[in-house]
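Note sheet for the following structure.
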Amino acid sequence: MRDILLQRKRTKLSDKDLRQKLKSSASTTTTDLIKSLSYQRPSVFRRVNVILGGSPICNSSVKAIKEYQRKAVNAHRWPMKHEAETPITFSDLDLTDIDYPHNDPLLVELQIGTCEVTRVLIDTGSYVDLIFRQTLIKMMVDLKDIKPSSRALTRFNGSSTTLFGTIRLNVFIGGVNKLIKFFVIDIETQYNAILGTPWLHLMKAVPSTYH
């Protein structure tokens with residue numbers, strides 16, 4: 001700014017030209033400051049890893065793990081060709097009727113079997129699709145259709161929950177019908193079901209908790 005004032009004395013800048021130069025100088029200075037602050041990322045001095053007790057995909061058996069490794073190697077060597085599809089995007093137009101700011105989970109209503117089920121949580125951190133025993137009772141599903149299972153589900157804190165079993169149910173949404181394998185657990189919860197990455201990937205769905 002001092003240089004601009006000195007320039008005015010030397011070249012006799014008009015008040016209008018002076019205001020334009022001062023405005024341009026302030027804008028440039030602010031932009032440079034923002035860029036400088038954004039680049040000030042601290043250097044990494046430590047890496048934090050985590051050790052898991054097994055793979056949820058491979059059921060922790062040596063045979064299953066080796067088979068999964070072979071599939072991963074083959075997928076890298078001979079990648080599948082995917083057809084071009086319509087891109088999934090979100091914009092501010094999708095923010096209509098949403099109160100901001102919010103930290104709400106993504107809940108949907110959809111048809112499971114012959115029932116309209118509310119409060120279904122979409123959870124991208126779940127590697128299984130869950131439905132609760134009480135939900136099946138409310139849906140009047142015959143519990144004899146549940147296939148017993150001795151597997152246990154591991155929570156984020158490392159604790160485990162024993163499965164009640166598994167059941168296959170049709171899930172209808174957006175004109176699409178998919179037969180989904182649900183893991184059944186018998187616990188108290190505020191949701192009727194939880195749809196995780198198996199259902200999301202099968203539907204090729206891209207959720208947004210912000211929108």
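Quick caveat: nothing in here was measured; it's all calculated off a predicted structure.
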Handout entry: Linked, directly or transitively: Val108 and Val176 (ILVMFWY side chains, under 4.5 Å)
Key = yes
Practice task
Flag the pair Leu153 / Leu130 as yes when at least one side-chain heavy-atom distance between them is below 4.5 Å, and no otherwise.
Solution key: yes
Practice task
Determine whether more than 12 heavy atoms belonging to other residues, nucleotides or ligands lie under 6.0 Å from atom CG of Asp92.
Solution key: no
Exercise for the section: Treat each ILVMFWY residue as a node, draw an edge where side-chain heavy atoms are under 4.5 Å apart, and state whether Val117 and Ile180 are in one component. Expected result: yes
Practice task
Could you tell me how the ring of His102 sits relative to the ring of Tyr210: parallel (under 30°), tilted (30 to 60°) or perpendicular (over 60°)?
Solution key: parallel
Handout entry: Asn170 side-chain N/O to Gly113 backbone N/O, donor-acceptor pair under 3.5 Å
Key = no
Problem - Residue pair Tyr191 / Pro105: nearest heavy atoms and the distance that separates them - result: OH-CG, 4.2 Å
Completion exercise
Closest non-hydrogen contact found for Pro198 with Ser126 is CD-O, 4.0 Å
Exercise for the section: Please report the closest heavy-atom contact between Gly196 and Asp129, naming both atoms and the distance. Expected result: N-OD1, 2.8 Å
Problem - Between CD1 on residue Ile122 and OG1 on residue Thr197, distance to nearest 0.5 Å - result: 11.5 Å
Handout entry: Single-linkage hydrophobic cluster, 4.5 Å side-chain cutoff, Ile137 and Ile146 together
Key = yes
Problem - Separation between CZ of Arg119 and OG1 of Thr189, rounded to the nearest 0.5 Å - result: 8.5 Å
Fill in the blank from the handout: Value for CE (Met139) from CD (Glu116), rounded to nearest 0.5 Å, stands at 10.5 Å
Problem - Atom pair OG/CG of Ser208 and Asp94 - distance to nearest 0.5 Å - result: 8.0 Å
Exercise for the section: Would you check if Ile173 and Met203 make a side-chain contact, meaning some heavy-atom pair closer than 4.5 Å? Expected result: yes
Exercise for the section: State, with a plain yes or no, whether a side-chain heavy atom of Val120 is found less than 4.5 Å away from one of Trp199. Expected result: no
Problem - Asn192 side chain vs Thr118 backbone, donor-acceptor pair below 3.5 Å - result: yes
Practice task
List the atom of Asp123, the atom of Gly125, and the distance in Å for their closest heavy-atom pair.
Solution key: OD1-N, 2.9 Å
Exercise for the section: Keeping the roles fixed (side chain from Arg168, backbone from Leu179), state whether a donor-acceptor pair exists under 3.5 Å. Expected result: no
Problem - Approximate separation, where rounding is to 0.5 Å, of Ser149 OG and Ile167 CD1 - result: 13.5 Å
Exercise for the section: May I ask whether Ile194 and Leu163 are part of the same hydrophobic cluster, defined by side-chain heavy atoms of I, L, V, M, F, W, Y residues being less than 4.5 angstrom apart, directly or through others? Expected result: yes
Handout entry: Spacing of CZ belonging to Phe132 relative to CD1 belonging to Ile185, to within rounding of 0.5 Å
Key = 4.5 Å
Completion exercise
What one should report as the nearest heavy-atom pair of Lys204 and Ile88 is O-CD1, 3.7 Å
Problem - Hydrophobic cluster identity match, Leu200 and Ile112, side-chain contacts under 4.5 Å - result: yes
Exercise for the section: Start with the C-alpha distance between Thr114 and Met140, add both sets of side-chain angles, then the distance that settles side-chain contact (heavy atoms from CB on, under 4.5 Å), and finish with yes or no. Expected result: CA-CA 10 Å; Thr114 59; Met140 300 183 70; over 6 Å; no
